[in-house]
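I have placed the structure first, in the form of structure tokens, so that the comments after it can refer back to it.
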Amino acid sequence: MASAPLTLTVAAAVLLGGPPLGLAGPTAVLLAAAAPGMLHAVWLGRLAVGLLRDGARANAVSVGLLGAGLAAAGVCAAAPSAAAYAGPAAGAALVAGLLGLPGVTRGPAAAARRALDGLCVALWKFLTLLVLILRLHGEPSPAVFTTCLLATVGITIAVVSGVRAPFPRWTAVTAAGGVALLVLGLAIVPLLPAAPAPHDEWLLSAGGLLALGSVLVWAGACRAVFAKVPGPRVTDGTLIGDPLLVAPVLAGAGAVLYTLVSRGTIGTAAMVVGAAAVLTVVLREIIEALTVRRFSGEIDARQTAFTSLVAGSADVILVLDPDLSVRWQSPAAARQFGLSDQEVLGRPFARLVHPGDVAEVRAALAAPGRDAAEPVRARICDGFGVWRHVEFTAGETPGIDGVVVYLRDAGERRELERSLQRTARTDPLTGLANRGALLGELSGGAGFLVTVGLDGFAGVNDLHGPDVGDAMLVEVAARIRASITPGDVAARLNGDEFAVFTRVDRVHAYTLATRLLGELGEPYPMPGTVLQLSAGIGLAPVGGGPEETLRRAGLALRRAKRTGRGRVEWHDEASEEAYVRRASLEQDLPAAIERGELDLAYHPVYDLVEGHPIGVEALLRWRHPRLGTVAPREALTVARELGLTAEVHDWVLARACRQLSSWQHEGYRVWMSVNVGFDDFATTGFPGRLSLALDSHQIDPADFVIELAECDLGADLDRVAEPLATVRAIGVRTALDGFGTGATSLAHLRRLPADLLKVDQSLFNAPPVTGGAVAPIIDVVVKLGRRLNVTVVAHGLEAEEHLQLVRAAGCRYGQGHFYGRPAPAERVEAALIRQRTW
């Protein structure tokens, strides 16, 4: 450390500067030795104050004692006359400070034992010194006796403390060596000869020991207080078991025996010292025995607590030797697995493990420090020869030379997991596989998927209650299970839909479907009644993934249900395309108005005599962003199924009235007709909604026509007459569109309050009768219309021949592609402009 050069510099300065200042040589040497001690004492004092301020009180006391010892040693060197009193105090302070340093001992009890060890060794060493050396020159003086005894005790305690320090070893040895050198130097100073001219070599030796010792004490103390002291508590052991301690005892005993044999006596002082040495050894052994007894009691108490704790545990604990043989097992082994100690102890653990699990178990035991949250599953043989499923974790425990295995019975847990897996893959009502289990089977096989949908099951629940419905589902599942082969998988998809995955060819799959159709169509005897159901079945080949297969089979089932009861349908691309289109329309129509996808196209009605438009028919167009233009009939059919017919008609009425109002304000003399579905037309709220639309746009009701398709009316005209009369009462005219394609006969026209008849092309496109130029049907209809005061409009004019036929029949008004296809309002305005210019 940096203190060594500074100490040597101070000592050299004092030694060289003494003679010029009138100091004698011995005095200069002692002052040079005292200066480093005083300097390091000051440094240690400052260090102790800093430690005390930081809360390290024990370390501060030890460093303070070392500093006090160095200061006392400096006083002895500076004033040799006071060495007889200050020397022992300095040695005691140095030894006490050394024993309290961290790492040299662990606590006051350990320091006391270390001091007792040093005292034992010191007394026996001093006894050897006394009988072999000091008594050769006669009985030593009291001063020499006391000085040598104290020096021996101090040096020995320092050496023993340094050598037996647990940690850190070199730091403790440094501090202990410094204390030993200081004590030796303090012993030399009072023993210097009293002659006027002392021996210079003894003087220089004492000074050098004091200077070097102060440096070592300072270095060791600084490192000890800042070093970390890890590790468990250690015991010192007995005196007989430590060669460092027992060797001086044997040497002292041998010296006493030799002196007794050679001289016949050892002297009073030697006897007193020997008795003290024996008593010290006895005291030391008694203390160690008490310590061992206390530790044994603690171990027994811990073992008792551990045994009682383990005895009540459901887990089995095994301790394995490094060679993986069983050293110990907990009492739970006999209780849980019927394994006695005679069957297990001393035998390899692998003998208990199933041969198929030995490799995994050996790998786990070879790395016992792995994560305990991942237990290893294995099978072991219990005391009755039965293989039991267990889970175990292996780990290393401090203080146990081996591997600790924690074993737990996993049989109930494994059975619970299997039960949960079965529950997760089984329909709880029918016992068939559920959707998830079916998808798992489809992912790894080829064949066909048969989907079954029950018709009329909802009515069973409504009429007879859910209990009868559940009983029917159980019976349906039983019939399906009885109709399939062992290799097939039957599943329940949802409430009344089932599926069968069969690994047969196409012909046998269809045969299975027809067999299921027949079985499920048989009567169902229920308590108090006999019920009847029918089914629809869809078929699809397995491929493209489980979900895709299930989707295609579901589409086939929907097709079978739409086409009627008791049908089997295969999946095909055309039906899938139609279904996907229909599903897309159903999804997109509710928001089509908000997105602005609906539009109107206009088809003029011409005066066939004057050749100009007299009216315009508004036709609904749905401009679908992906499917293109959707036909009005298809859009209205979807709206009818979704219950959106009124919303669509309201939009059409408002848009048509707005366009008619715009044209009339520009001077065009036309009327507007709108097609309305009969289901909405016959509702009580339709006349009010129609009046609101007309009033909102200031339209004369006579300029507005509501068209009804004849094919929607049916043969029962009584349900038609009243709604037609209600609308006509508002002032709005009505028209029958497509006359000639439905069930309405010519005789029924008198009962229908209609203003216009839009006759179908089939009435004037038929070949004329022999010798005539006019098709007879259109001729009859036109004449009947004149008698009934109903305007006839020929719908479907596409060629010049059609125009000539209807003109010849006396029909004045017509509409068709001959005059142009339905177009946006801007293109219709061109024809209206020509009308206005005439």
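Because the structure is a prediction, the values reported are computed rather than measured.
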[X] to [Y] - nearest heavy-atom pair and separation:
X: Pro590; Y: Gln587; result: CD-O, 3.7 Å
X: Arg479; Y: Pro523; result: NH2-O, 2.8 Å
X: Ser483; Y: Arg515; result: O-NH2, 3.0 Å

Give a yes or no on this: more than 12 heavy atoms of other residues, nucleotides or ligands lie within 6.0 Å of atom [atom1] of [X].
X: His508; atom1: NE2; value: no
X: Gln698; atom1: CD; value: no
X: Arg595; atom1: CZ; value: yes

Under 3.5 Å donor-acceptor, Ser443 side chain and Pro546 backbone:
no
Going by the side-chain contact (heavy atoms from CB on, under 4.5 Å) test, name the single residue among Leu619, Asp703, Val705, Asp737 that passes it with Ser673.
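Passing option: Val705.
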Among all residues two or more places apart in sequence or in another chain, which pass the salt bridge (Lys or Arg N to Asp or Glu O under 4.0 Å) test with Arg503?
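If we apply the salt bridge (Lys or Arg N to Asp or Glu O under 4.0 Å) test to Arg503, skipping adjacent residues, the hits are Glu441.
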Salt bridge (Lys or Arg N to Asp or Glu O under 4.0 Å) partners of Asp650, counting only residues at least two apart
Arg689
For residues 780-790, please give each side-chain donor-acceptor pair under 3.5 Å, one per line with the distance, not counting sequence neighbours.
unit_1, atom_1, unit_2, atom_2, d
Lys783, NZ, Asp779, OD2, 3.3
Arg786, NH2, Gly810, O, 2.8

Evaluate side chain to side chain contact (heavy atoms under 4.5 Å, CB included) for Phe681 paired with Val727, printing each intermediate quantity in order.
CA-CA 9 Å; Phe681 177 78; Val727 171; 3.3 Å; yes
Working for side chain to side chain contact (heavy atoms under 4.5 Å, CB included), residues Met472 and His464:
CA-CA 11 Å; Met472 286 201 66; His464 302 282; over 6 Å; no
Set of side-chain contact (heavy atoms from CB on, under 4.5 Å) partners for Asp496, sequence neighbours left out:
Leu454, Phe457, Asn494
Candidate pair Thr529 and Val468, rule side chain to side chain contact (heavy atoms under 4.5 Å, CB included), full reasoning
CA-CA 10 Å; Thr529 184; Val468 175; 5.6 Å; no
Can you label the angle between the Trp570 ring and the Tyr510 ring as parallel, tilted or perpendicular, going by 30° and 60°?
parallel
Which side chain to side chain donor-acceptor pair (under 3.5 Å) pairs, counting each pair once, include a residue from residues 622-645, with sequence neighbours left out?
Arg581-Glu634, Arg582-Glu641, Asp588-His624, Asp588-Arg626, Glu597-Trp622, Arg623-Thr629, Arg640-Asp679
Side chain to side chain donor-acceptor pair (under 3.5 Å): which pairs involve residues 794-810, sequence neighbours left out?
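Output for this query lists Asn765-His802.
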